[in-house]
Amino acid sequence: MLVLAIETSCDETAASVVLDGTGVLSSVVVSQIDAHKKYGGVVPELASRKHVEAISIVIEEALVRADLDPRKIEGIGVTRGPGLIGSLLVGIAAAKGMALALNRPICGVNHLHGHLFAAHLERDDIRFPFVGLVVSGGHTNLYHVKGPLDIELIGKTRDDAAGEAFDKVAKLLGLGYPGGVAIEQWAKGIDPASLSFRFPRALAEGNDLDFSFSGMKTAVLRHVQERFELSRNKTKPGSFHPLIEPGATDVTDHAIGSIAAAFQDAVTEVLAIKAFRAARRWGVNQLLVCGGVAANSALRTRVTAMSDELGIEAIFPSLALCTDNAAMIAARADMLLTSGITDNVGFGAKSRW
Ligand code: KG4
Ligand code: ZN
């Protein structure tokens, strides 16, 4: 089936054309990062407006790059949620317009299920059942995926998502937005085992499959407050606004890098432990790790090492398919549409799902 999919759940406007769930004919992603950077995070109202500006151009570009007459499209997929409601609605409205104009079936896709099936675009050897870890800016979810229509949530974060923790700690360290990539870069070349401190690994012991990252973030805050005489943010004391400001003389690059490395070490260890705990508990041979944080090289290295040790294959999408894109939404939409699952055009956005 030839599917056109649209993704606008957060700060990327994306459209993609995919043939039979695996053949990516085009995948266009326009990021709004520069627009949000100066605010230190995604501003929902600004995100919606940017999607409105970009959506038609992005869809058109996806069709041009696929060298496709829109009348050839056989089905439409669109991210229905979870995400920012105003942003989701822009993509949904465009998708419904296309579906009505072309008289084609449409289905709303769960963004997190899109992440779960991103690797299917690149590999044909993924078998059910598998365990999937979705680590993104808004979610840290573990799934037992028994079949395309049988996806069970088996663990989730009780507070912050892993990506959110990366973003908040980066902000606290004054490393800017988005935080995950910045933390990874600052941590590069620093061996966490060589440091005199480490951050707590919440819920790592026992049998738990849930996550908690807010304590880790607070531990970083305390560590920074105790160790350094810093120019504190006066307007919002205690908030996660940069404690370390440019020019603070007692903070070296190495000190910042060390905190980034210790934090990254704690997050990636907990993620890997839980993911393999789930894979072993459910007796699966394959573990899929996906979502924006799956782009993190420390996580990829750690999971790959554990995979060799435990004999459970670890699968990551390529970097471009880890972060938000519409090709993964098309892959998921293909599964739903070919199973006969469609939505009538009255469906709405779901900020939570
Ligand atoms: O999946 P995604 O693109 O959007 C959501 O659905 O949320 O994930 C974005 C999240 C952000 O929190 C970002 O900081 C994080 O993924 N991220 C990373 C890396 N690249 C993106 N976190 C750690 N290391 C990275 N290299
Ligand atoms: Zn995402």
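Both ligands and their constituent atoms are indexed starting at 1 by order of listing. Below, each value reflects all heavy atoms present in this structure, side chains not excepted, and no hydrogens, waters or symmetry copies.
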Participant: Identify, for atom 24 (N) of ligand 1, the protein heavy atom at the shortest distance, and state residue, atom and that distance.
Facilitator: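 Checked against all protein heavy atoms, atom 24 (N) of ligand 1 sits closest to Asn296 ND2, 3.0 Å.
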
Participant: Does His115 have a heavy atom less than 4.0 Å from any atom of ligand 1?
Facilitator: yes

Participant: So does Asp265 pair up with Arg302, basic N to acidic O under 4.0 Å?
Facilitator: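 Judged by the 4.0 Å cut-off on N to carboxylate O distance, Asp265 and Arg302 do form a salt bridge.
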
Participant: Can you tell me if NZ on Lys188 sees more than 12 non-hydrogen neighbours from other groups inside 6.0 Å?
Facilitator: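 Yes, NZ of Lys188 has more than 12 neighbouring heavy atoms, counting only those of other groups under 6.0 Å.
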
Participant: Under 3.5 Å, side chain of Lys168 to main-chain N/O of Gly179, donor-acceptor pair present?
Facilitator: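 No, Lys168 side chain to Gly179 backbone: no donor-acceptor pair under 3.5 Å.
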
Participant: So, 4.0 Å and heavy atoms of Cys10: is ligand 1 close enough to count as a contact?
Facilitator: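 Contact check Cys10 vs ligand 1: negative.
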
Participant: What is the nearest protein non-hydrogen atom to atom 6 (O) of ligand 1, stated with its residue, atom name and distance?
Facilitator: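 Checked against all protein heavy atoms, atom 6 (O) of ligand 1 sits closest to His111 NE2, 3.2 Å.
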
Participant: Can you tell me if Asp159 uses its side chain to pair, donor with acceptor, with the backbone of Ser214 under 3.5 Å?
Facilitator: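 Checked: pair present.
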
Participant: State the atoms of ligand 1, each with its element, that fall below the 4.0 Å cut-off from a heavy-atom position in Thr323.
Facilitator: 3 (O)

Participant: Using the ring of each side chain (for Trp, its six-membered ring), is Phe166 parallel, tilted or perpendicular to Phe263, with breaks at 30° and 60°?
Facilitator: perpendicular

Participant: May I have the angle between Asp324 OD1 and His115 NE2 with its vertex at the Zn ion (ligand 2), rounded to 10°?
Facilitator: 100°

Participant: For atom 26 (N) of ligand 1, grab the closest protein heavy atom and report residue, atom and distance to one decimal in Å.
Facilitator: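 Ranked first by proximity to atom 26 (N) of ligand 1 is Glu184 OE1, 2.7 Å.
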
Participant: Which protein non-hydrogen atom lies closest to atom 2 (P) of ligand 1, naming both residue and atom, and how far is it?
Facilitator: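 Nearest protein contact, heavy atoms only, for atom 2 (P) of ligand 1 is Asp324 OD1, 3.4 Å.
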
Participant: Can you tell if the side chain of Met335 reaches within under 4.5 Å of the side chain of Ile341, non-hydrogen atoms only?
Facilitator: no

Participant: Any carboxylate oxygen within less than 4.0 angstrom of a Lys/Arg side-chain nitrogen, looking at Arg49 and Glu53?
Facilitator: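 Answer for the salt bridge query: no.
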
Participant: Show the atoms of ligand 1 that are less than 4.0 angstrom away from any heavy atom in Gly138.
Facilitator: 7 (O)

Participant: Is it true that atom CZ of Arg280 has more than 12 heavy atoms of other residues, nucleotides or ligands lying nearer than 6.0 Å?
Facilitator: no

Participant: Tell me the protein heavy atom at minimum distance from atom 19 (C) of ligand 1, and give that distance in Å.
Facilitator: Gly292 O, 3.6 Å

Participant: Distance to 0.1 Å, residue and atom name: give those for the protein heavy atom nearest to atom 10 (C) of ligand 1.
Facilitator: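 So the nearest neighbour among protein heavy atoms is Gly137 N, 3.4 Å.
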
Participant: Taking the inter-plane angle between the rings of Trp282 and His144 on a 0 to 90° scale, is it parallel (under 30°), tilted (30 to 60°) or perpendicular (over 60°)?
Facilitator: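 Rings of Trp282 and His144: parallel, under 30°.
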
Participant: For ligand 1, which atoms have a heavy atom of Val181 less than 4.0 angstrom away?
Facilitator: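 Selected atoms, number and element: 19 (C), 20 (N), 25 (C).
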
Participant: Should the proximity of His139 to ligand 1, defined as any heavy atom under 4.0 Å, be assigned to the side chain, the backbone, both, or neither?
Facilitator: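 None of His139 does.
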
Participant: Output the list of atoms in ligand 1 that are nearer than 4.0 Å to some heavy atom of Gly163, sorted by atom number.
Facilitator: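 Near Gly163, meaning under 4.0 Å from one of its heavy atoms, ligand 1 has 12 (O).
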
Participant: Identify, for atom 22 (N) of ligand 1, the protein heavy atom at the shortest distance, and state residue, atom and that distance.
Facilitator: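 Here the closest protein heavy atom is Gly180 CA, 3.3 Å.
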
Participant: Side-chain contact test, heavy atoms from C-beta onward, threshold under 4.5 Å: evaluate it for Leu319 versus Arg300 and give yes or no.
Facilitator: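 Yes. Closest side-chain heavy atoms under 4.5 Å.
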
Participant: For the Zn ion (ligand 2), does an N/O/S atom of Cys10 lie at less than 2.8 Å?
Facilitator: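 No, since none of the N, O or S atoms of Cys10 sits under 2.8 Å from the Zn ion (ligand 2).
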
Participant: Return yes or no for this condition: an N or O of Pro178 is under 3.5 Å from an N or O of ligand 1.
Facilitator: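 No - when backbone and side-chain N and O of Pro178 are compared with those of ligand 1, no distance drops under 3.5 Å.
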
Participant: Determine whether the side chain, the backbone, both or neither of Asp167 has a heavy atom under 4.0 Å from any heavy atom of ligand 1.
Facilitator: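 Side chain only.
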
Participant: Please indicate whether Asp67 has more than 12 foreign heavy atoms, meaning atoms of other residues, nucleotides or ligands, lying under 6.0 Å from its CG.
Facilitator: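 No, the 6.0 Å shell around CG holds no more than 12 heavy atoms from other groups.
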
